[in-house]
Amino acid sequence: MDSSTNSLDDASADGSADFADRASMMEVRLQAQEDEITLLKSSLADALRKLRLHDQLLPLLKQQLIAVNPSAAGVLNQVCWTGSTRLSSSSAIDGIRSTTSQLSDSIVTNANGHIESPVSMTPRPRPATQDRSTQTEPALPGQDTGQKRVPLPKRAESLQLEDALPSGKPLVEGTLAKLHRVPGCEEEDKEEEEKGGGEQEKELSWTSSVEEPIQPTTIRCLQRDDCQDRSCSPEELASPSTSVRTSDSNLSSRSGPLSPIQEGEKKPLVRRNSEKLGNPEKQRKRLDKKAASSANLLSRSPSLDNRAKELVSGAGPPGSRRGTYSQEQSIKMFIRGRPITMYIPSNIQNYEDLKMEPPFERLELDWVYGYRGRDCRDNLYFLPSGEAVFFIACVVVLYHINNRTQRHYDKHTDCVRCLTLHPDKVRMASGQTAGVDKDGKPLHPCVHIWDSTTLVTLQQIGLGAFQRGVGCVAFSFADSGAFLCVIDDSNEHMLSVWDCNKGTRHAEVKNTNEAVFCVEFNSNDSTNIITCGKSHVYFWTLSAGQFTKKQGIFGKYKKPKFIQCFVFSLTGDVLTGDSEGNILTWGKSAADVKTLGKGAKETFQIMRQTRAHEGSVFTLCSLQGGAVLSGGGKDRKIIRWSADLAPERECEIPENYGAVRTISDVDGEELLVGTTRNAILRGTFSDGFVAIGHMDEMWGLATHPSQNIFITCGHDRQVCLWKTEEHKLDWCITLEEYGLCADFCPNGSVVSVGLSTGRWMVLDLLTREVVSESIDGNEQLSVMRYSPDGSFLAVGSHDNFIYIYNVTESGRRYTRFGKCNGHSSFITHLDWSKDGKYIMSNSGDYEILYWDVAAGCKLLRNRFESKDREWASYTCVLGFHVMGVWLEGSDGTDINALCRSHSERMVAVADDFCKVHLFQYPCPKPKAPSHKYEGHGSHVTNVCFTHSDSHLLSMGGKDTCILQWRVIRGGPGDSREKLASTSTSSPESTLDLLVVM
């Protein structure tokens with residue numbers, strides 16, 4: 001964009017946007033801190049839950065011991081439930097030894113872990129142990145067992161797992177390994193085993209018990225343990241309420257197959273947990289490692305609010321890390337390191353077997369609404385075929401004025417910046433900015449020379465030779481267009497001349513560091529080139545591949561800040577229009593030998609100054625016979641001048657059109673006019689011009705529920721209603737604030753529009769009058785959505801709330817019903833269920849929440865219950881059914897909008913990389929294939945299908961472009977590709993409006 005189009009309004013808008021961004025960043029940081037606190041709390045709760053599981057598994061083993069050997073109940077009860085009486089370590093050891101000695105003759109396990117026939121085993125002394133709660137020393141040979149007894153602390157009044165096992169070999173070695181393992185320290189355990197030098201045998205492979213669902217028998221045992229915690233009597237505990245087989249089956253199900261005990265085999269019992277906890281150095285290392293692991297988790301996931309809620313409120317039975325749902329019932333996707341849980345619907349039996357394929361339907365460009373006049377010039381031409389040629393975004397449009405048809409040259413990969421017509425009136429040259437390919441790799445700018453009749457690319461000029469973009473192009477005239485002059489957007493604005501037929505560079509030179517607006521060959525001499533821009537006019541001469549430059553001398557005339565445009569007169573003089581509103585006539589003057597000496601050369605000086613406009617002269621156009629047309633900026637006038645620059649006729653364009661950007665002659669009387677507000681006008685001096693359209697970034701888009709019309713709104717404060725079949729603007733109104741979202745009432749008579757200040761209004765489609773309006777908060781609104789039956793309206797705001805309204809009187813009366821409060825960031829998208837009772841919503845921090853509107857806007861805490869709910873529309877970018885539209889490594893803002901078709905067969909996606917994607921629906925698996933379509937030159941802000949799914953509408957942001965795509969019905973094996981399309985609209989009696997944006 002050239003500096004002449006900048007304004008204070010743009011600066012103020014940028015400042016306010018920066019302030020909003022900073023405030024938003026502070027809110028995000030605060031939320032991240034709150035998320036970390038919540039995560040720490042949930043981690044602590046999870047750790048306590050694991051410890052409790054460890055303690056609760058002890059009664060299970062006790063129950064087995066009592067069931068097998070009831071005589072051990074007295075010893076167990078005495079050891080476990082003694083309140084005031086303290087047992088010594090020797091008595092406890094003696095009791096356990098006698099119990100294990102009896103148990104060793106009566107217990108054996110099969111491969112499945114069930115208790116079978118007794119096997120005699122030789123008892124052996126119990127090895128010494130070290131534990132926080134229990135300390136036992138080995139009984140030395142000949143030592144008197146009646147020695148003085150030392151009381152144990154209260155914590156030692158519970159048994160270790162090995163105390164209930166025979167002294168020969170552990171009964172359930174896998175279970176002991178599982179119970180004594182500390183989750184998260186497996187690698188450290190392995191290191192300790194390796195350091196042991198073979199003194200300890202390797203344990204069996206295991207899986208953390210907290211990852212497995214607890215069996216019903218285990219839950220009953222845990223409930224009994226809870227009863228014991230509530231001071232149940234020892235007699236109740238001693239009474240076996242669970243069968244031996246049930247308890248053993250439960251134990252087997254949790255620990256896996258048990259190793260059968262070999263008769264006569266004696267293996268020392270290793271108390272791993274006690275030995276590790278008894279070593280302070282090893283324990284400290286383990287805690288340090290676990291703390292580092294937790295810190296690493298926080299650094300990877302700065303905001304884990306959903307995960308914390310699941311751990312705290314939905315964890316289910318103790319020890320279940322995934323709550324009440326197993327991994328097969330849900331799947332997680334990650335956006336910026338934050339996990340988002342997606343629950344798999346019941347109708348999907350095997351998620352892994354789902355096959356993702358691109359949809360059978362394809363898109364074909366049907367119509368382009370728009371024109372780029374806000375920051376480009378000399379980009380409107382009229383062909384002898386009756387077509388007007390202009391560009392918007394990445395598309396060059398050929399619009400037939402009388403037939404009202406469009407053709408499209410769509411071979412550019414990024415925004416088109418300049419355009420010129422060959423002297424043969426058939427070939428065209430268009431230059432683009434630098435872009436990126438489908439893999440994100442940078443693409444070099446280039447110039448395409450193409451045939452306007454066949455839309456075939458004839459030559460690609462300068463691929464890799466230009467920097468940033470191509471700003472200006474021009475064909476030579478004197479030699480029938482054999483050469484093409486190009487100025488790029490590099491710092492030096494390199495000037496180069498290319499052979500059009502060979503595609504080779506003929507000459508190149510540095511131009512200037514200042515902005516360059518225009519370049520042209522002299523119409524009578526192809527060796528002379530003129531460029532103009534900020535504070536300069538340069539006259540170049542090309543000879544033997546070398547350039548020589550002469551600067552225009554302003555002399556006694558005031559030097560303007562910008563030279564905006566120039567043309568050649570019939571006499572060969574150069575006429576320039578500048579930012580002071582003057583038309584300057586330049587000519588050659590003889591060398592001033594008297595003043596400068598013999599070496600003096602001829603110069604280019606101002607011969608005449610003509611006052612033309614108030615403000616800048618943006619464009620000049622030569623007519624047959626020598627007449628000249630000028631277009632003004634501030635005064636918005638079009639003036640016709642005679643060959644000697646005498647004013648003949650003039651007209652003024654209304655203020656809402658903006659300034660005149662470029663003028664193209666149709667037949668000497670009729671004109672095409674492009675304006676700075678992106679409108680193309682067709683008219684005459686006598687009839688005037690009427691047109692208006694979008695000229696700033698657009699976000700709001702909605703299609704009618706039963707007619708082929710759609711509505712748009714954007715930052716230009718305009719609301720426009722368009723007809724898709726006639727390809728024209730129906731009406732347009734201007735608001736006090738800019739609109740960001742819109743939706744039609746299901747009855748089709750009114751449309752609601754959300755504004756940037758928290759205010760929203762309802763417009764009647766026929767009268768265009770405001771029938772209702774309201775204010776919700778003081779921040780911008782991001783989504784408006786009617787329920788399927790039209791009885792409710794949901795308004796999503798950037799204040800994190802969703803406001804619900806009752807709708808009566810056919811959409812003309814609205815009363816507040818409630819407010820959905822629960823999101824921690826601004827609302828981005830929402831959808832209603834088919835029964836009109838529930839809402840699914842997304843927010844800026846990637847939350848997916850569900851609301852029961854009928855129950856008073858209640859937040860549904862258990863998101864699992866909504867997995868099978870059917871939705872009337874699907875525009876939420878986060879959800880199980882559209883999970884596959886996200887690319888790997890997406891940052892959460894890469895997808896701006898999506899829309900499911902009414903047939904529920906496909907979903908269209910608008911991304912931040914100028915692409916429109918078409919996926920099959922549903923697409924719940926990552927890396928789902930899609931059809932990709934180019935055309936936009938900026939981030940695509942919105943997409944929407946028409947009521948019959950016959951067309952898809954996509955809307956660009958800064959390119960202010962609306963693309964209408966025709967949906968091509970296909971089937972298996974259809975290989976139709978996107979081609980240049982031709983679309984026809986019905987002829988109109990009045991043709992004063994050519995194209996609007």
Side-chain angles (χ1 to χ4, degrees), residues 369 693-694 696-724 729-776 779-788 790 792-798 802-803 805 807 811-812 814 827-832 872-873 875-876 896-899 908 910 940-947 951-957 960 962 964 997:
Y369 302 88
H694 287 291
D696 206 342
E697 186 169 359
M698 299 182 296
W699 283 91
L701 173 65
T703 55
H704 196 275
S706 59
Q707 301 179 27
N708 291 320
I709 59 177
F710 65 96
I711 199 163
T712 59
C713 57
H715 290 187
D716 54 8
R717 299 181 297 142
Q718 296 187 103
V719 178
C720 301
L721 186 71
W722 310 78
K723 293 184 176 181
T724 59
L729 178 69
D730 190 17
W731 55 260
C732 183
I733 62 173
T734 303
L735 307 176
E736 296 180 359
E737 301 109 18
Y738 59 83
L740 293 172
C741 51
D743 193 33
F744 284 94
C745 184
N747 61 24
S749 61
V750 297
V751 62
S752 60
V753 180
L755 307 180
S756 59
T757 58
R759 189 164 69 98
W760 56 273
M761 59 180 57
V762 181
L763 303 174
D764 187 285
L765 293 182
L766 297 179
T767 63
R768 311 174 197 174
E769 296 178 352
V770 178
V771 298
S772 180
E773 61 179 324
S774 182
I775 297 179
D776 290 317
E779 297 193 39
Q780 70 183 44
L781 303 180
S782 52
V783 57
M784 310 284 290
R785 190 80 64 217
Y786 283 94
S787 61
F792 289 104
L793 172 66
V795 181
S797 172
H798 269 228
I802 301 175
Y803 301 91
Y805 284 84
V807 182
R812 299 175 182 274
Y814 296 80
I827 311 302
T828 58
H829 308 84
L830 65 86
D831 292 290
W832 285 89
S873 62
T875 60
C876 289
N896 297 313
L898 63 80
C899 181
V940 186
T941 58
N942 216 331
V943 288
C944 197
F945 285 96
T946 57
H947 71 98
H951 291 84
L952 173 71
L953 298 161
S954 62
M955 190 162 60
T960 67
I962 304 173
Q964 180 173 311
M997 181 48 207

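As a basis for the values below, the full set of heavy atoms in this structure was taken, side chains included, without hydrogen atoms, waters or symmetry mates.
For the atom pair OG (Ser749) and CZ (Arg812), the distance works out to 5.5 Å, reported to the nearest 0.5 Å. The CG atom of Leu721 lies 10.0 Å from the CG atom of Leu763; values are rounded to the nearest 0.5 Å. Rounding to the nearest 0.5 Å gives a distance of 7.5 Å between SG of Cys732 and CH2 of Trp722. For the atom pair OG1 of Thr712 and CD of Gln718, the computed distance is 9.0 Å after rounding to the nearest 0.5 Å. To the nearest 0.5 Å, atoms SG (Cys741) and CG (Leu701) are separated by 11.5 Å. Taking CG of Leu793 as the reference point, atom CH2 of Trp760 lies at 5.0 Å (rounded to 0.5 Å).
The minimum heavy-atom distance linking Asn942 with Trp699 is given by the pair ND2-O, 3.0 Å. Residue Ile802 comes nearest to Ala794 through the heavy atom pair CG2-CB, 4.2 Å, listed as atom of the first residue, atom of the second, then distance. Nearest heavy atom pair, residue Phe945 against residue Thr703, reads O-OG1, 2.9 Å. Among all heavy-atom pairs drawn from Gly811 and Cys745, the shortest one is CA-SG, 4.3 Å. Ser787 approaches Pro746 most closely through the heavy-atom pair O-CG, 3.5 Å. Nearest approach of Asp764 to Thr767, heavy atoms of both residues: OD1-N, 3.0 Å.
Within the 3.5 Å criterion, the main-chain N or O of Glu737 finds no donor-acceptor partner in the side chain of Ser756. At least one donor-acceptor pair under 3.5 Å links the side chain of Asp743 to the backbone N or O of Tyr786. The backbone N or O of His798 lies less than 3.5 Å from no partner atom in the side chain of Ser782, so there is not a single donor-acceptor pair. Panel note: side chain Thr946, backbone His951; a donor-acceptor pair is recorded below 3.5 Å. Remark: side-chain polar atoms of Thr941 are paired, donor with acceptor, to backbone N or O of Met698 under 3.5 angstrom.
For Ser954, the side-chain contact (heavy atoms from CB on, under 4.5 Å) test picks out Val916, His936, Val940, Val943, Leu963, Trp965, with sequence neighbours left out. Applying the salt bridge (charged side-chain N to carboxylate O under 4.0 Å, His left out) rule to Glu773 yields the partners Arg759; only residues at least two apart in sequence or on another chain are considered. Looking at residues two or more places apart in sequence or on another chain, you find no salt bridge (charged side-chain N to carboxylate O under 4.0 Å, His left out) involving Arg768. A search for side chain to side chain donor-acceptor pair (under 3.5 Å) contacts involving Ser873 returns Asp831, not counting sequence neighbours. Residues passing the salt bridge (charged side-chain N to carboxylate O under 4.0 Å, His left out) test with Asp776, sequence neighbours excluded: Arg816. Partners of His704 under the side-chain contact (heavy atoms from CB on, under 4.5 Å) rule, at least two apart in sequence or in another chain, are Ser706, Gln707, Ile709, Phe744, Leu765.
Using a 3.5 Å distance cut-off with no hydrogens or angles, the side chains of Tyr805 and Ser774 do pair a donor with an acceptor.
In this structure the side chain of Thr875 reaches within 4.5 angstrom of the side chain of Arg785, judged on heavy atoms.
Using a 30° and 60° split on the angle between ring planes, His715 and Tyr738 fall in the tilted class, from 30° to 60°.
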